Amino acid sequence: MNVIEELLLRIKQKGLRRTLGALGKRYIFAHRKLLWMERDLVTPIAPNKLRPCEGLRRVDITEENANAFSKYFGDRVQTMAELAAEGHTGHMYLDQDDHTVGFVWASARDYYDRHFYRCTFPVQPGEYFQFGAEITRHYFGSSLTVDAQVALWQVMAARGFKKVVDICDSANIQALKMHMRLGYQEQGRITHVYDLFGHWRFTRQTRYSESRLAALRKPERPVVSAAARA
């Protein structure tokens, strides 16, 4: 398929406006707003109705076992090996055939993301930076995302860490909702990432005071008194 055919197919699938918007962000200008979130490592998460995961096992990611990503995350094998070589803590979850179906990473020091955002995310004493959490589509709606994070919190807490911090793209509504369900709080700061002509990248930090996520919170159900029910 040549470039023109691929472009026409994309227009047919996503529409002209979305296609032009995506091309503009890729080749002309893009602006990402990354909200900083934080959470302590001991407060229990709220009850949920996610379907349980069974038959998976957790394994520490190393340079030697990164090939387990080949089936579902084939484009990440080299990246996973590099992150392990850099000394970051990574957990992957393997199915019964020893294929990775989910993973999550933690950095105990300032993290330079050279694979995606190409900028540095600093951490303070007592906290670690969590990144790269992902699961395969088959496990969407399952407890794997929660289980993987809780397991990592426990491991890092045992090493003396008190807090986890991470960033979430303000355009990723589902990820923001997941953070809220897991008890994360806004830090009130944003890392802005700018891409110009697909080549130059700039970042800057801003702060805010009013919640950016209030509109995403589910409204509390009103309490109905016994007199009202009678």
Side-chain angles (χ1 to χ4, degrees), residues 10 14 18-19 21-39 60-63 65-93 100-124 127-137 139-140 144-145 148-149 152 156 164-179 182 184 186-187 189-206 212-213:
R10 182 173 297 184
K14 298 186 176 181
R18 290 181 61 187
T19 300
L23 291 174
K25 290 180 179 179
R26 181 173 182 179
Y27 295 108
I28 301 176
F29 176 76
H31 174 203
R32 297 185 180 93
K33 299 178 182 179
L34 309 179
L35 275 63
W36 281 82
M37 312 288 288
E38 67 174 37
R39 192 193 195 283
D60 292 341
I61 303 172
T62 67
E63 294 180 77
N65 63 22
N67 283 333
F69 287 85
S70 299
K71 182 173 183 178
Y72 298 114
F73 303 97
D75 59 335
R76 319 285 182 84
V77 174
Q78 183 61 34
T79 298
M80 299 297 111
E82 291 174 357
L83 291 173
E86 292 170 5
H88 301 300
T89 298
H91 292 169
M92 62 180 172
Y93 288 78
T100 304
V101 296
F103 61 94
V104 62
W105 285 94
S107 175
R109 60 183 185 273
D110 291 355
Y111 174 63
Y112 176 67
D113 183 356
R114 61 190 177 87
H115 298 100
F116 190 66
Y117 290 116
R118 301 201 307 276
C119 64
T120 299
F121 299 107
V123 297
Q124 302 299 318
E127 64 185 30
Y128 71 89
F129 183 75
Q130 185 169 292
F131 65 98
E134 191 170 344
I135 62 176
T136 61
R137 181 171 295 276
Y139 288 92
F140 286 4
L144 179 55
T145 300
Q149 293 204 49
L152 185 57
M156 300 305 284
V164 53
V165 297
D166 72 356
I167 49 93
C168 190
D169 194 318
S170 62
N172 192 338
I173 302 301
Q174 292 303 315
L176 290 170
K177 289 182 177 180
M178 181 200 71
H179 276 71
L182 291 176
Y184 281 84
E186 298 171 73
Q187 281 197 336
R189 60 183 174 127
I190 302 174
T191 294
H192 299 262
V193 181
Y194 303 91
D195 287 293
L196 188 61
F197 299 120
H199 181 71
W200 292 288
R201 177 160 293 183
F202 311 92
T203 63
R204 69 184 180 98
Q205 298 282 333
T206 61
R212 297 295 184 94
L213 307 182

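Treat the numbers as computed from the prediction; the structure is a model and nothing was measured.
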So which heavy atom on Arg204 is nearest to which on Thr206, and how close? NH1-CG2, 3.0 Å
The criterion is side-chain contact (heavy atoms from CB on, under 4.5 Å); which residues satisfy it with [X], sequence neighbours excluded?
{"X": "Lys33", "result": "His31, Ser170, Ile190, His192"}
{"X": "Ala68", "result": "Met92, Leu94, Thr100"}
{"X": "Ala175", "result": "Cys168, Asn172"}
{"X": "Ser70", "result": "Asn67, Val77"}

Pairing residues for [X] by the side chain to side chain donor-acceptor pair (under 3.5 Å) criterion, not counting sequence neighbours:
{"X": "Gln149", "value": "Gln130, Tyr184"}
{"X": "Tyr112", "value": "none"}
{"X": "Arg189", "value": "Gln187"}
{"X": "Arg137", "value": "none"}

Output all residues satisfying ring-ring contact (aromatic ring centres under 6.0 Å, His included) with Phe140, sequence neighbours left out; order by chain, then residue number. none
Can you name the ring-ring contact (aromatic ring centres under 6.0 Å, His included) partners of Phe69, sequence neighbours left out? Phe103
Quick note, side-chain hydrogen bond (donor to acceptor under 3.5 Å, both in side chains) partners involving residues 73-89, not counting sequence neighbours, are Arg76-Glu134, Gln78-Glu82, Glu82-Arg114, Glu82-His115, Glu86-His88, Glu86-Arg114, His88-Ser107, Thr89-Arg159
